[in-house]
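Worksheet for the structure shown next.
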Amino acid sequence: MIEVDELRALEPGDLLADRAYRCLTRAILRNQLVAGAALSVPDLARRLNISRSPVREAVQRLIYDGLAENVPHRGAVVSDIQPNDFRDLMMVREPLEGLAARLATRRASQNDLEALREVLDDHARVVDSGDEVANVELDTRFHAIIRDAAGNEDLSEILGRIQARAHLSRYSLWRGTRNPHSAVAEHRAILVSMSARDADGAELAARRHITNLMGRIDATPHTAADPPVPDAVPQ
């Protein structure tokens, strides 16, 4: 379900490729473009009702971010994150999440902390609802606020790509409700330390969160991915 409205009413200085990239990223992270799905530039351009050039640029950015990959004789497809890929990713992510939490604790404004509280409260309300899209988006938003509040552009860029790839695993590797409930509790521990301006505590809580994610993957039976949300891209 790529939201074509996102491509309309461009702001001054906006690029159509940026909007296409955001639309495709959202569709991938919502499992509306599933792992292994072909990212045909002509097809996507037709469905989005835009020219091929911005779509081609958007797909190349997805490949750079690790959300897509080039497959011989097939072209670009949505990446498929396997358990071993996820563990390797988490080993890199753990220290970076800790660093982001440490820096954000020192630099976050009161508005940043309030935004984290609001996202966490919303996340706590949806974990029992079965709304996986909202669950993924709120989880992603929580980490994005910390990443941005850290105030380090290089860290934000690297960690943003890692976080996006990690979220690809939610539809293929996670099962049951244990992980969302545990993630909310772990996010709350991070926020408690940040609110107290305890940089050591925030770093430890953030790193423990990633370690626990790896543990939950190891304890999760890996079965076929959940059926995707029906594709409602305008034809």
Side-chain angles (χ1 to χ4, degrees), residues 21-22 24-37 39 59-71 76-104 123 132-133 135-148 150 152-176 178-187 189-190 202-226 228:
Y21 169 78
R22 287 196 291 269
L24 294 175
T25 298
R26 183 183 298 107
I28 290 171
L29 294 181
R30 288 181 173 182
N31 206 38
Q32 292 154 350
L33 288 172
V34 300
L39 296 173
V59 170
Q60 288 303 310
R61 288 174 63 182
L62 293 174
I63 293 171
Y64 175 76
D65 287 346
L67 295 179
E69 57 187 315
N70 271 317
V71 176
V77 301
V78 177
S79 293
D80 183 14
I81 305 299
Q82 296 298 316
N84 286 340
D85 301 324
F86 182 84
R87 293 186 193 99
D88 289 345
L89 201 61
M90 291 300 98
M91 283 190 283
V92 177
R93 185 181 177 187
E94 180 194 336
L96 295 179
E97 289 283 6
L99 176 59
R102 170 176 288 278
L103 293 176
H123 198 180
E132 185 62 18
V133 169
N135 180 36
V136 169
E137 291 184 346
L138 290 166
D139 190 298
T140 302
R141 179 62 182 150
F142 184 88
H143 286 285
I145 294 171
I146 293 176
R147 187 177 75 231
D148 293 342
N152 184 303
E153 291 185 7
D154 291 325
L155 175 62
S156 182
E157 180 181 353
I158 295 168
L159 193 51
R161 293 202 303 271
I162 291 173
Q163 289 168 346
R165 291 196 68 213
H167 278 92
L168 281 179
S169 70
R170 300 187 72 94
Y171 297 100
S172 59
L173 301 183
W174 300 117
R175 290 295 178 270
R178 179 186 174 203
N179 184 62
H181 283 94
S182 298
V184 168
E186 290 157 8
H187 288 179
I190 296 169
E203 178 176 6
L204 179 61
R207 296 188 68 153
R208 183 177 291 135
H209 172 48
I210 304 306
T211 299
N212 290 344
L213 283 176
M214 288 191 284
R216 289 194 287 274
I217 277 289
D218 288 337
T220 301
H222 304 130
T223 59
D226 293 332

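Positions are given from 1 along the sequence.
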Distance col, row D65:CG vs Y21:OH, nearest 0.5 angstrom, shows 3.5 Å

> Going through the distances and angles, do Q32 and R26 end up as a side-chain contact (heavy atoms from CB on, under 4.5 Å)?
Replying inline: CA-CA 8 Å; Q32 292 154 350; R26 183 183 298 107; 5.6 Å; no

Is there a side-chain contact between V78 and E69, using heavy atoms and a 4.5 Å cut-off? no

Note: V59 and A76 closest approach over all heavy atoms is CG1-CB, 3.7 Å

dist N152:CG -> I158:CD1 (nearest 0.5 Å) comes out at 8.5 Å

I'd like to check L39 versus V77 (side-chain heavy atoms, cut-off strictly below 4.5 Å). Are they in contact?
no

Q) After noting the C-alpha distance and the side-chain angles of L29 and T25, does the key distance pass the side-chain contact (heavy atoms from CB on, under 4.5 Å) rule? A) CA-CA 6 Å; L29 294 181; T25 298; 4.0 Å; yes

In this structure, CD1 of I162 is separated from NE2 of H167 (nearest 0.5 Å) by 13.0 Å

Margin query: For R216, is there an ion pair with E186 - N to carboxylate O distance below 4.0 angstrom?
Written below: yes

Without swapping roles, check the side chain of R165 against the backbone of G66 for a donor-acceptor pair under 3.5 Å.
yes

Taking only Lys NZ, Arg NE, NH1 and NH2, and the carboxylate oxygens of Asp or Glu, determine whether E157 and R161 approach each other closer than 4.0 Å. yes

Distance col, row E94:CD vs L213:CG, nearest 0.5 angstrom, shows 10.5 Å

Exercise for the section: Assert yes or no for the condition that the ring centre distance of H143 to H209 is strictly below 6.0 Å. Expected result: yes

Testing the 3.5 Å rule here: is there a donor-acceptor pair between the side chains of H123 and D139? no

Q: Using a 4.5 Å cut-off on heavy atoms from C-beta on, say whether the side chain of R93 contacts that of L159.
A: yes

Taken to the nearest 0.5 Å, the spacing of R208 CZ from T211 OG1 works out to 8.5 Å

*Check the pair E97 / Q163 against side-chain contact (heavy atoms from CB on, under 4.5 Å), numbers first and verdict last.*
CA-CA 9 Å; E97 289 283 6; Q163 289 168 346; 2.8 Å; yes

One should read off an interatomic distance between R141 CZ and I146 CD1, to the nearest 0.5 angstrom, of 11.0 Å

Electrostatic pair R30-E137, nearest N-O below 4.0 angstrom: yes

Do the non-hydrogen side-chain atoms of S156 and D148 ever get within less than 4.5 Å of each other? yes

Working for side-chain contact (heavy atoms from CB on, under 4.5 Å), residues L96 and L155
CA-CA 8 Å; L96 295 179; L155 175 62; 3.9 Å; yes

